Amino acid sequence: MLVLGIETSCDETSAAVVKDGSEVLSCIIATSKKDFQSLSGVIPEDAARKQILSILPVIDKCLEEAGVNSRSLDALAVTRGPGLLGSLLVGTVTARALAKVWDKPLIGVHHTLGHLSSTWLREKTDLEKNEPAFPILTLSVSGGHTDLWYRISHTDNQLLGSTRDDAAGEAFDKGASLLGLNYPGGPELEILAHKGDADCFPFPVPLKEDATLDFSFSGLKTSLKYLLKDLASINPDFINLKKSSIAAGFQRAICAHLANRIIAALDMHHGTKEVHIVGGVSANQVLKAAVEERLMNSGVILRTPSSLRFCTDNGAMIAAAGTFLMRDE
Ligand code: KG4
Ligand code: ZN
C-alpha cells in the first residue's frame, strides 16, 4: 500500500511516500524555522504564507524522489489537526484538491497519532524488519504536548497522563530563551548542556512525590528564572561562565521527570512489551539515556524514531498513521 502523507500543522511543509506504513520511499521537509529564530516562536500568518508557496514543490519533489507518480498511489493522508489554523488549511485544502483530481481516497490524521506511528518508520535502505509489538507505552513529547499513552493497537489508545501546564518541548524552548539561545531552543540547549556539569546546579524534579501520571514544567521554568536572577545579582559574568552547567541541570530535571512517569506507568501496566518516545523532544539523547538506564534488565524494549527527521514533524508519520487507520478501521 503506497500512501502520500502531508503534514503542515506548524511551520513545516512536509510530504512523504510510505509503503505499507513503514518503508519511507521519500520524505521532504521544508521549514521556515530559520525565519523565526530570533523570535521565541512562529508567526502563524507568516508561516502559512510560506507554506502556500512551498507545498506543491515539496509534493512534486517527494513523488520524484520516491520514483512514483500519482497513479501508483493508493491513498493520501493529511494532518487534520491540531495545529495552526492557516497552516492546517494549506495542507488539507491541497490534499483534498489532489485526492479529487487523482481520484484517490483521502484520510485525515490526528497529529498525535502521526507521532505515535513514527516508530514504525524505516529508511528504504534499512532492511531490518523488526516491527514494534503491542502493548506499548508511548511518551509523546513535543513543543505542543506531553502525553503518556497506553497502546493496545493502532486504534486503541488510552491516555494515562498529560502536562498540566507547559509541554516538555516548550519547557526546553522557554529555558533556552532565558539562556539567550535561539528558537527552537531544545536542540541548542542539548548541545550547550553537553559541555556542562549537571551536578553544579541541581533543579528540583517536578511532582516527584506525587502519585499522578501527569506532568508539570512551569515550576522548573520559574526555578531557572530565579536562579539566573540570583546569579546575575552576584556577578553578571557568572551566568556566561556557568551557562552550560545551568543548561545541563535544567535538562536533567526535565528528563528525570519524564523518565519517572514512564517507570510509574510501567509499574501499573505489567505485560507492556515496549516503551516508545516520540515527538520533537525524542531527539534528545540525554532523555533516551535516562530512560534506557531505568529500563535496564526489565526486558522492555525502548524505541525512538529510527531517524532524527522522524522525531520532529514530518509527512511520513502521517502517511504511516493513515495506512494503519485505513487498515484497522
Ligand atoms: O514534534 P515537533 O517537531 O513539533 C511539535 O509538534 O511541537 O517538536 C518540536 C519541539 C520543540 O519544542 C523543540 O525545541 C523540541 O521539540 N526539540 C528538542 C530537541 N529537538 C527538538 N528538545 C530537546 N532536545 C532536542 N534535541
Ligand atoms: Zn509534532
Side-chain angles (χ1 to χ4, degrees), residues 5-14 16 27 29-34 36-37 39-42 44 47 78-84 87-88 91 109-119 121 138-147 149 162-163 165-179 181-194 196 198 215 217 220-221 247-248 250-259 276-291 304-305 307-318 320-321:
I6 298 172
E7 152 66 38
T8 61
S9 66
C10 191
D11 66 287
E12 280 93 0
T13 307
S14 179
C27 179
I29 306 172
T31 170
S32 53
K33 273 214 166 63
K34 274 209 168 69
F36 304 116
Q37 240 171 15
L39 311 167
S40 35
V42 171
V78 65
T79 306
R80 61 174 162 81
L84 304 176
S87 298
L88 286 167
V109 173
H110 193 285
H111 183 75
T112 298
L113 189 65
H115 278 301
L116 296 187
S117 308
S118 63
T119 33
L121 297 172
T138 305
L139 174 71
S140 177
V141 266
S142 75
H145 55 262
T146 302
D147 299 322
W149 295 88
S162 282
T163 183
D165 38 61
D166 293 344
E170 207 177 347
F172 270 104
D173 293 341
K174 286 180 177 172
S177 166
L178 288 170
L179 289 167
L181 304 175
N182 285 330
Y183 172 82
E188 286 203 26
L189 194 143
E190 181 177 10
I191 293 167
L192 177 67
H194 195 63
F215 304 84
F217 296 97
L220 263 181
K221 181 192 62 194
F250 183 71
Q251 172 176 253
R252 186 168 74 181
I254 294 178
C255 297
H257 181 32
L258 295 170
H276 292 191
I277 309 175
V278 301
V281 181
S282 67
N284 189 288
Q285 295 305 310
V286 174
L287 172 61
K288 199 175 164 188
V291 177
T304 52
S307 159
L308 279 187
R309 65 188 182 139
F310 303 144
C311 294
T312 45
D313 293 347
N314 66 86
M317 66 184 196
I318 301 303

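The analysis underlying the following values was restricted to heavy atoms, covering all of them including side chains, and did not include hydrogens, waters or symmetry mates. Indexing begins at 1, ligand by ligand and atom by atom, following the structure's order. Keep in mind it's a predicted model, so treat the numbers as computed, not measured.
Close contacts between ligand 1 and H111 involve ligand atoms 6 (O) [criterion: under 4.0 Å to a heavy atom]. Ligand 1 places these atoms under 4.0 Å from at least one heavy atom of T312: 3 (O). Below 4.0 Å from some heavy atom of G143 lie the following atoms of ligand 1, by number and element: 5 (C), 7 (O), 8 (O), 9 (C), 10 (C), 12 (O). Residue G144 approaches ligand 1 through these ligand atoms, each under 4.0 Å from one of its heavy atoms: 7 (O). Close approach of ligand 1 to G169 (heavy-atom distance below 4.0 Å) involves ligand atoms 12 (O). With ligand atoms numbered from 1 in the order given, ligand 1 contributes 11 (C), 12 (O), 13 (C), 14 (O) to contacts under 4.0 Å with heavy atoms of D173.
Of the options A167, S118, G280, the smallest heavy-atom separation from atom 19 (C) of ligand 1 is shown by G280.
Below 3.5 Å of separation, one finds no N or O of P184 facing any N or O of ligand 1. The N/O atoms of H115, backbone and side chain alike, include one that comes under 3.5 Å of an N/O atom in ligand 1.
Screening T312, D11, D313 against T31 for a side chain to side chain donor-acceptor pair (under 3.5 Å) leaves a single residue, D11.
In this view, R80 satisfies the side chain to side chain donor-acceptor pair (under 3.5 Å) rule with no residue, not counting sequence neighbours. Here T13 pairs with S54 under the side chain to side chain donor-acceptor pair (under 3.5 Å) rule; sequence neighbours left out. Judged as a side chain to side chain donor-acceptor pair (under 3.5 Å), and not counting sequence neighbours, the contacts of T119 are H276.
At distances below 3.5 Å, not a single donor-acceptor pair connects side-chain atoms of E12 with backbone N or O atoms of I29. Within the 3.5 Å criterion, the main-chain N or O of D173 finds no donor-acceptor partner in the side chain of S177.
For the Zn ion (ligand 2), the neighbouring protein N/O/S atoms at less than 2.8 Å, given as residue and atom, are H111 NE2, H115 NE2, D313 OD1.
Using a 4.0 Å heavy-atom cutoff, P187 is listed among the residues neighbouring ligand 1.
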Side chain to side chain contact (heavy atoms under 4.5 Å, CB included) between R252 and C255, intermediate numbers included: CA-CA 5 Å; R252 186 168 74 181; C255 297; 5.8 Å; no
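Considering only heavy atoms from C-beta on, E170 stays 4.5 Å or farther from T163 through its side chain. Using a 4.5 Å cut-off on side-chain heavy atoms (C-beta onward), L258 and T146 make contact. Residues F217 and H257 have side chains in contact (heavy-atom distance under 4.5 Å, counting atoms from C-beta outward).
Taking the six-membered ring where tryptophan is involved, the planes of H115 and H111 are perpendicular, since the angle between them exceeds 60° and thus also 30°.
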